[in-house]
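Here's the structure we're looking at; comments come further down.
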Amino acid sequence: MVLEDSECSVFELDITEDDVETAFGLVHCTMMGVPKGNRPTILTFHDIGLNHKSCFESLFNHKDMHEIMQHFAVCHVDAPGQQEGASTLSTEYTYPSMDQLSETLPMVLQHFSLKSVIGMAVGAGANILTRFALKHPDMVEGLVLINLSAHAEGFLERAAQKITSWTHALPDTVISHLFGKEEIQNNHELISTFRHLITNNINQSNLQQFVKSYKSRRNLEIERPVQGGNLNARMLQCPALLIVGDNSPVVDAVVRITILMNPTTTTFLKMADCGGLPQVDQPGKLIEAFKYFIQGMGYMPSASMTRLARSRTASNSSMERNRNRSGTNTDEQRGRSHTDVSMESTPGQTKLGCENV
């Protein structure tokens with residue numbers, strides 16, 4: 001199956017949908033569950049060509065996610081005009097830039113009375129949430145960033161995109177962004193499913209504007225902290241888990257951004273035998289990694305771990321530390337080691353290997 005799993009089932013939660021008014025237009029949001037006291041809410045943001053349903057529905061409907069959702073509410077954010085059934089945006093409307101889209105999120109938090117979030121995002125959404133966390137570090141406790149590209153599109157990429165747009169329809173352009181060549185050539189069911197979703201579930205005029213906004217993005221300009229260096233270096237203040245499939249079209253881009261990240265707060269996860277959308281391709285493994293990440297932040301200390309066996313070399317991994325939580329976060333609880341993580345599958349066995357770098 002592509003968007004469903006034999007182990008998936010609908011998890012009954014209170015679900016509310018709102019169009020949130022922001023300085024950059026209406027943002028459609030879906031709240032699942034009720035915020036739990038002073039705990040952060042999980043906030044998601046999708047990639048181009050997708051919305052929160054096509055990007056995250058199979059992940060959050062997976063039975064392994066239910067334990068997490070008993071502890072955290074979830075707020076799904078759709079970029080302007082990308083939700084199912086969206087009307088065509090007015091010709092007078094100027095589509096927001098990546099920076100402007102990130103500035104809609106404080107208004108979303110205010111609308112739902114949320115104090116802080118743990119972000120989970122893919123592609124363009126990962127770029128947007130990173131910008132949000134850089135400018136509003138007090139609102140973000142952690143980030144799970146799938147397929148993050150931190151750099152602006154280069155000249156050669158722009159030229160190739162222009163040529164491609166002459167010969168390919170918009171859905172084909174999005175497909176080549178979401179999936180690697182191997183998946184496109186070999187996984188016809190997956191590609192056919194997402195081509196249908198992109199073509200029929202997203203307003204094509206609105207999608208074209210979102211794609212243009214992402215292609216026009218600026219560099220994130222993150223600086224790797226250096227001992228004795230610039231104390232005002234632009235870096236994420238929260239723990240971050242960077243995820244990419246080994247067959248993703250953006251593997252190199254994600255590897256490049258890890259070099260710029262704070263080594264004490266960043267974990268890199270490269271998923272073996274996985275394509276461009278890990279949350280669809282291998283949701284169980286991603287959820288297990290997410291549980292470790294949450295535990296590393298001091299939440300859910302007794303969460304069950306059924307799919308992955310932790311490597312013994314990871315005894316001081318960021319995913320194993322600080323699981324006992326007091327009332328609020330402290331700097332000590334947020335202390336994390338930089339870990340390079342890979343997931344490899346063999347017949348009948350799944351292994352999570354961690355190596356400190």
Side-chain angles (χ1 to χ4, degrees), residues 39-40 42-43 102 116-121 126-127 129-151 219-244 251-271 286 288-301 303 308 310-343 352-357:
R39 288 193 174 190
I42 297 171
L43 184 142
S102 74
S116 64
V117 299
I118 298 173
M120 176 182 287
N127 190 283
L129 280 194
T130 302
R131 296 176 191 274
F132 169 53
L134 287 169
K135 191 163 184 180
H136 302 279
D138 57 316
M139 296 183 180
V140 184
E141 292 197 25
L143 287 175
V144 178
L145 303 169
I146 304 169
N147 298 341
L148 172 64
S149 179
H151 298 285
N219 287 338
L220 284 175
E221 299 178 349
I222 294 177
E223 301 175 56
R224 186 181 180 93
V226 178
Q227 187 173 7
N230 181 12
L231 297 177
N232 297 317
R234 182 179 170 87
M235 69 184 78
L236 290 174
Q237 302 299 316
C238 65
L241 172 59
L242 304 186
I243 300 176
V244 68
V251 171
D252 292 341
V254 177
V255 171
R256 284 199 302 271
I257 188 58
T258 62
I259 299 172
L260 301 175
M261 301 292 279
N262 188 335
T264 65
T265 59
T266 304
T267 299
F268 172 54
L269 173 61
K270 185 177 180 181
M271 297 181 67
L286 194 151
E288 193 83 340
F290 188 35
K291 285 184 181 179
Y292 283 126
F293 180 70
I294 291 173
Q295 287 189 330
M297 296 174 61
Y299 296 105
M300 296 180 61
L308 303 175
R310 279 173 291 177
S311 167
R312 302 222 180 243
T313 63
S315 60
N316 64 342
S317 164
S318 59
M319 292 183 180
E320 296 183 359
R321 298 171 59 193
N322 306 319
R323 298 193 180 174
N324 296 322
R325 184 174 182 81
S326 58
T328 57
N329 281 329
T330 66
D331 290 340
E332 289 76 18
Q333 287 172 321
R334 290 182 178 274
R336 297 165 57 88
S337 62
H338 179 251
T339 310
D340 185 13
V341 184
S342 63
M343 287 184 175
L352 171 63
C354 305
E355 180 180 355
N356 292 334
V357 296

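Side-chain atoms are counted along with the backbone in the values below, which use heavy atoms only and exclude waters and symmetry mates.
Taken to the nearest 0.5 Å, the OG atom of Ser116 stands 11.0 Å off from the CG atom of Leu43. Of the inter-residue distances, the one linking Leu260 atom CG with Leu220 atom CG reads 9.5 Å to the nearest 0.5 angstrom. The structure places CG of Leu148 at 9.5 Å from CG of Leu143, a figure rounded to the nearest 0.5 Å. In this structure, CG on Leu236 lies 7.5 Å from CG on Leu145, to the nearest 0.5 angstrom. We find the CE-CZ distance between Met261 and Phe268 to be 11.5 Å, quoted to the nearest 0.5 Å.
The side chain to side chain contact (heavy atoms under 4.5 Å, CB included) check on Arg39 picks up Lys36, His71, Phe72, Tyr299, with sequence neighbours excluded. Annotation: side-chain hydrogen bond (donor to acceptor under 3.5 Å, both in side chains) contacts of Ser102 (sequence neighbours excluded): none.
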Could you walk me through whether Ile222 and Ile257 pass the side-chain contact (heavy atoms from CB on, under 4.5 Å) test, one step at a time? CA-CA 8 Å; Ile222 294 177; Ile257 188 58; 4.2 Å; yes

Applying side-chain contact (heavy atoms from CB on, under 4.5 Å), run through Thr267 and Phe293 and close with a yes or a no. CA-CA 9 Å; Thr267 299; Phe293 180 70; 5.7 Å; no

Do Val255 and Lys270 pass the side-chain contact (heavy atoms from CB on, under 4.5 Å) test, and can you show the C-alpha distance, the side-chain angles, and the key distance before you say yes or no? CA-CA 9 Å; Val255 171; Lys270 185 177 180 181; 5.9 Å; no

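Of all heavy-atom pairs between Ala150 and Asn127, the closest is CA-ND2, 4.4 Å. The nearest pair of heavy atoms linking Ala289 to Leu269 is CB-CD2, 3.6 Å. In terms of heavy-atom proximity, Thr130 sits nearest to Ala126 at OG1-O, 2.7 Å. Residues Ser149 and Ala253 come closest through the heavy atom pair OG-CB, 4.0 Å. Scanning all heavy atoms of the two residues, the minimum distance from Asn262 to Met235 falls at ND2-SD, 3.8 Å.
Each of Ile243, Val254, Val244 was evaluated against Ile146; a single residue qualifies, Ile243, per the side chain to side chain contact (heavy atoms under 4.5 Å, CB included) test.
Within the 4.5 Å cutoff, no side-chain heavy atoms of Tyr292 are placed close to those of Leu241.
Of the possible donor and acceptor atoms, none in the side chain of Glu141 sits under 3.5 Å from a partner among the backbone N and O of Ile118.
Using a 30° and 60° split on the angle between ring planes, Phe132 and His136 fall in the tilted class, from 30° to 60°.
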